[in-house]
Enquirer: 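Questions regarding the structure given below will be posed in turn.
Heavy-atom basis, side chains included; hydrogens, waters and symmetry copies ignored. Source: prediction; values computed, not measured.
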Amino acid sequence: MHNNPRTKAPWRVVIIGSGFAGLGLAMQLRKAGEDDFLLLEKAGEVGGTWRDNSYPGAACDVPSHLYSFSFEPKHDWSRKFAPQAEIHAYILQCVEKHRLRPHIRLNSEVQGAEFDAVRGIWRVELAGGEVIEAQALVSACGQLNRPAYPKLPGLENFRGEAFHSARWRHDLDLSGKRVAVIGTGASAIQFVPQIQPKVASLSLFQRSAAYVLAKPDRRYRPWEIVLKQRLPLLQRADRLLQYLHHEARAVAFIRFPWLMRLFRHSFTRHLRRQMPDAGKRAQLQPDYPMGCKRILISNDYFPALAKANVEIVDAAIREVREHSLVTADGREHPCDVLIYGTGFTATDFLAPMRIRGLDGVDLNQAWRDGAEAYKGISVSGFPNLFLLYGPNTNLGHNSILYMLESQYAYVMGCLQALREQGLRYLDLRPTLQRSYNAELQQATHRTIWEQGCDSWYKTATGKNTNNWPGFTFTYRLMTRTPELADYDCVR
């Protein structure tokens, strides 16, 4: 079932994905008076990562007023850092306010797409074989949409329940269960404190400790909400101050990595205050430079780990048995429920879709050495394909919505050029893509992310395909408007 019955005539724009990225572009299209577009969503509701990640304690680690569209402000956030349900409700509110429902097809998973150069049309194939055509194809799938599962010997033998945090089993009561959690990333530090009081025992399997700082979170007081509703300028000022505060941190991430050593004392103080057990405190000390992997914020993670029913396991898992996990040191850890807090396959952009461009070239083949795109948006040989939250546009210091809004302006400029100049397609010049990404990778080598650790920012070969090695305002200047000289403009 889907909302929009039109399937035959080519659409002007087809957007894959209905999270923040896709819906934000749809809102910009509506604002520009464009109604000839369609969003394809594989799930039964919109929302992207904020629909999928409904695990206990799920919340944003970017301040609420910064983690919302500048062109669609929300003045009544309940907390400084909004919880998942409130963020998803905000997304649904945007859909209804901008009347996007008629433009959305739910339960419509894209299998692949192929470009017809003669007609200048993308032929998009859905699961089940249906084909939808469009002049421009926009991928708004994001980087954190496909759960990553560890490959563990004997996993097929496990007789208990097992699930990923992004596929949380709300129907499963964990009370009195022996629970094993694999992973200590951004999701685990949020759901572990929520389930710890319920379970009989919790074994936390940690490959590497995370830098966890105090979270400056609290509920907004009623008078603060009323004041921002009546004086929107205050909300805009608050947003600007938060942006500048976060942007200043980029200096340590991208220019002077040694500055991160100055901030480590904040982590050490936070750990010492919240973890009285010296043995566990030693296990929670990272062995890599601060910032090399994602820095996390929490006020209840360390206190939860300090409880007697929690064990931190830093030995590698050797095998999985019917009711236990066995580590490399030979110890057996009883387990009734296994929860994966192992993140996402962030470097596999657009997978598992099959995207074919000019001359039938497969995008996965073009990206065999790691995904790359010009300004994270355009890929040579794949005309009229635009990526939102594409390669090297993730951030370690600020709100991704700022980057998305920059990309909207660029994509809208490309769509305008296609229409006003009567072009069949725009194809990025390959030399430009090569030179741009060579400079980008060179800039990445100077960042904190290249200071001696592995992370989800990198491919297996060590290429950083995810993070933007610069300031967000420089990216905005770069993407204000497309330069048509960067493209082969085919009429």
Side-chain angles (χ1 to χ4, degrees), residues 17-20 41-62 67 78-79 81-92 106-107 109 141-152 155 158-207 210 212 215 217 294 296-301 304-305 307 309-310 317 320 325 333 335-346 456:
S18 67
F20 266 115
E41 171 54 57
K42 66 181 180 181
E45 183 53 283
V46 303
T49 190
W50 294 108
R51 174 201 61 231
D52 294 342
N53 289 273
S54 61
Y55 56 80
C60 194
D61 58 4
V62 174
Y67 199 78
S78 65
R79 307 188 64 88
F81 294 84
Q84 172 267 337
E86 193 170 3
I87 296 173
H88 193 215
Y90 168 75
I91 293 173
L92 295 174
L106 302 173
N107 302 308
E109 183 173 4
C141 302
Q143 298 182 13
L144 307 177
N145 65 89
R146 296 180 63 226
Y149 293 87
K151 297 179 180 179
L152 302 174
L155 187 58
F158 187 62
R159 293 291 177 260
E161 301 287 351
F163 58 90
H164 194 281
S165 62
R167 304 289 185 266
W168 194 268
R169 288 281 306 278
H170 292 281
D171 62 321
L172 182 62
D173 185 5
L174 298 179
S175 300
K177 303 289 187 182
R178 298 171 299 179
V179 176
V181 174
I182 301 178
T184 54
S187 300
I189 71 157
Q190 293 184 334
F191 72 72
V192 163
Q194 301 300 312
I195 67 173
Q196 174 272 320
K198 304 177 182 178
V199 304
S201 65
L202 194 155
S203 300
L204 180 65
F205 290 83
Q206 171 184 270
R207 185 171 61 178
V212 182
K215 187 175 185 178
D217 190 23
R294 184 175 177 179
L296 308 175
I297 53 176
S298 174
N299 295 327
D300 52 10
Y301 180 61
L305 299 190
K307 301 300 183 182
N309 67 335
V310 177
I317 299 173
V320 181
L325 280 71
H333 305 267
C335 174
D336 302 315
V337 179
L338 177 58
I339 304 176
Y340 304 110
T342 43
F344 302 87
T345 56
W456 60 266

Enquirer: Listed by chain and number, what are the ring pair (Phe, Tyr, Trp, His ring centres under 6.0 Å) partners of Phe158, not counting sequence neighbours?
Expert: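 For Phe158 there are no ring pair (Phe, Tyr, Trp, His ring centres under 6.0 Å) partners, ignoring immediate neighbours.
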Enquirer: Could you check whether the rings of Phe20 and Tyr90 sit parallel, tilted or perpendicular, using 30° and 60° as the cut-offs?
Expert: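 Plane angle between 30° and 60°, so tilted.
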Enquirer: My understanding is that only residues two or more places apart in sequence, or in another chain, count here; which of them pass side-chain hydrogen bond (donor to acceptor under 3.5 Å, both in side chains) with Tyr67?
Expert: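 Here the qualifying residues are Trp50.
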Enquirer: Counting N and O atoms only, with roles assigned by atom type, does the side chain of His88 sit under 3.5 Å from a partner on the main chain of Val46, one being a donor and the other an acceptor?
Expert: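 Yes, the answer is positive, given that a donor and an acceptor are paired below the 3.5 Å cut-off.
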Enquirer: Which residues satisfy the side chain to side chain contact (heavy atoms under 4.5 Å, CB included) test with Ala148, sequence neighbours excluded?
Expert: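 Per chain and number, Ala148 pairs via side chain to side chain contact (heavy atoms under 4.5 Å, CB included) with Thr345.
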Enquirer: Could you pull out all residues at least two apart from Tyr301 that satisfy side-chain hydrogen bond (donor to acceptor under 3.5 Å, both in side chains)?
Expert: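 So Tyr301 forms no side-chain hydrogen bond (donor to acceptor under 3.5 Å, both in side chains) with any residue.
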Enquirer: Output side-chain donor-acceptor pairs under 3.5 Å for residues 196-206, partner residues at least two apart or in another chain, one line each.
Expert:
residue, atom, partner, partner atom, Å
Gln196, NE2, Asn309, OD1, 3.1
Gln206, NE2, Gln283, O, 3.0

Enquirer: Applying side chain to side chain contact (heavy atoms under 4.5 Å, CB included), name anything that partners Asp52, two or more places apart in sequence or on another chain.
Expert: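 Partners of Asp52 under the side chain to side chain contact (heavy atoms under 4.5 Å, CB included) test: Arg167.
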Enquirer: Can you name the side chain to side chain contact (heavy atoms under 4.5 Å, CB included) partners of Arg207, sequence neighbours left out?
Expert: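 Arg207 satisfies side chain to side chain contact (heavy atoms under 4.5 Å, CB included) with no residue once adjacent residues are dropped.
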Enquirer: Got a sec, which pairs hit salt bridge (Lys or Arg N to Asp or Glu O under 4.0 Å) with one end in residues 169-182, sequence neighbours left out?
Expert: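 Residue pairs with at least one partner in residues 169-182: Glu161-Arg169, Arg169-Asp171, Arg178-Asp336.
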Enquirer: I'd like to check the side chain to side chain contact (heavy atoms under 4.5 Å, CB included) partners of Ala43; sequence neighbours left out, ordered by chain and number.
Expert: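 Once residues adjacent in sequence are excluded, the partners of Ala43 under the side chain to side chain contact (heavy atoms under 4.5 Å, CB included) criterion are Glu41, Arg51.
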Enquirer: Got a sec, which residues hit side-chain hydrogen bond (donor to acceptor under 3.5 Å, both in side chains) with Asp300, two or more places apart in sequence or on another chain?
Expert: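 Result, side-chain hydrogen bond (donor to acceptor under 3.5 Å, both in side chains) vs Asp300: Ser298.
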Enquirer: For Phe344, what residues pass the ring pair (Phe, Tyr, Trp, His ring centres under 6.0 Å) criterion, not counting sequence neighbours?
Expert: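 For Phe344, the residues satisfying ring pair (Phe, Tyr, Trp, His ring centres under 6.0 Å) (neighbours in sequence not counted) are His164.
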Enquirer: Sequence neighbours excluded, which residues qualify as salt bridge (Lys or Arg N to Asp or Glu O under 4.0 Å) partners of Glu45?
Expert: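 Glu45: salt bridge (Lys or Arg N to Asp or Glu O under 4.0 Å) contacts with Arg101.
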Enquirer: Rounded to the nearest 0.5 Å, what separates atom CD1 in Ile189 from atom CG in Leu305?
Expert: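 So the CD1 of Ile189 and the CG of Leu305 are separated by 10.0 Å.
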Enquirer: Side chains of Leu155 and Tyr149: closer than 4.5 Å at any heavy-atom pair?
Expert: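 The answer is no; the side chains never approach within 4.5 Å.
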Enquirer: Looking at side-chain heavy atoms only, is the closest gap between Leu144 and Asn53 below 4.5 Å?
Expert: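 Leu144 vs Asn53: side chains apart.
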